[in-house]
Amino acid sequence: QVQLVESGGGLMQAGGSLRLSCAASGRTSSTSNSYAMGWFRRAPGKEREFVAAITWWNGSRYYADSVKGRFTISRDNAKNTVYLQMNSLKPEDTAVYYCAAGIYSKSPATYAYWGPGTQVTVSS
């Protein structure tokens, strides 16, 4: 089992920045080599959508078009932590953000482990 815990959410004005963190614990060896860590979000009344992902074996990064150029995903292998730096925030970024670990894809179905989520609210 792998446990994921997000932190760093909150309320921010449009144009501001936030950094989310996702700390992994437990059988974190299962998150190395062939796995990826991803961020997804769910806005009120909408489906959970892909935001960004980073692969553990070579650090390749993937982004949704809606956040490309504004969000940056990174990792600290020594700390088993993944970050999501969010800049130029927009009201439409308001959502619960979830960290996930699993096989890389843009579908939540391939991620086996999920954190409880952290709320990000962007005011206009």
Look up atom [atom1] in [X] and atom [atom2] in [Y], then write down how far apart they are to the nearest 0.5 Å.
X: Gln85; Y: Leu20; atom1: CD; atom2: CG; answer: 9.0 Å
X: Cys99; Y: Met37; atom1: SG; atom2: CE; answer: 3.5 Å
X: Leu18; Y: Met12; atom1: CG; atom2: CE; answer: 4.5 Å
X: Arg48; Y: Tyr97; atom1: CZ; atom2: OH; answer: 13.5 Å
X: Arg75; Y: Thr81; atom1: CZ; atom2: OG1; answer: 12.5 Å
X: Glu6; Y: Tyr98; atom1: CD; atom2: OH; answer: 8.5 Å

- Item | Qualifying ring pair (Phe, Tyr, Trp, His ring centres under 6.0 Å) pairs, either residue in residues 61-88, two or more places apart |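 For residues 61-88, and leaving out neighbouring residues, the ring pair (Phe, Tyr, Trp, His ring centres under 6.0 Å) pairs sorted by first residue read Tyr62-Tyr104.
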
Could you tell me if the side chain of [Y] sits less than 4.5 Å from the side chain of [X], heavy atoms only?
X: Trp39; Y: Ile54; result: no
X: Met86; Y: Arg70; result: no
X: Arg42; Y: Pro108; result: no
X: Thr94; Y: Arg41; result: no

- Query: Do the side chains of Val82 and Ile103 join up, straight or via other hydrophobic residues, at under 4.5 Å, putting them in one cluster?
  - Reply: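 Yes, because Val82 and Ile103 connect within a single hydrophobic cluster, where side-chain heavy atoms sit under 4.5 Å apart.
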
Taking all atoms of both residues into account, what is the closest heavy-atom pair of [X] and [Y], and its distance?
X: Ala14; Y: Pro91; result: CB-CD, 4.1 Å
X: Val2; Y: Ala24; result: CG1-CB, 4.4 Å
X: Tyr35; Y: Ala101; result: CD2-C, 4.2 Å
X: Tyr111; Y: Ala53; result: OH-CB, 3.8 Å
X: Asn77; Y: Trp56; result: OD1-CZ3, 2.7 Å

- Query: Is Arg61 reaching over with its side chain to a backbone N or O of Thr72, donor-acceptor style, under 3.5 angstrom?
  - Reply: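 Pair absent, no side-chain N/O of Arg61 close to backbone of Thr72.
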
- Query: Would you call Lys90 and Asp93 a salt bridge, using N to O less than 4.0 angstrom?
  - Reply: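 Looking at Asp93 together with Lys90, the answer is no, because their closest N to O distance does not fall below 4.0 Å.
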
- Is it true that atom NZ of Lys68 has more than 12 heavy atoms of other residues, nucleotides or ligands lying nearer than 6.0 Å?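 Yes, the 6.0 Å shell around NZ holds more than 12 heavy atoms from other groups.
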
- Task: Write out all pairs satisfying disulfide (SG to SG under 2.5 Å) with one or both partners inside residues 35-93, taking only residues at least two apart or from two chains.
- Result: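 Checked against disulfide (SG to SG under 2.5 Å) - neighbours excluded - no pair reaches residues 35-93.
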
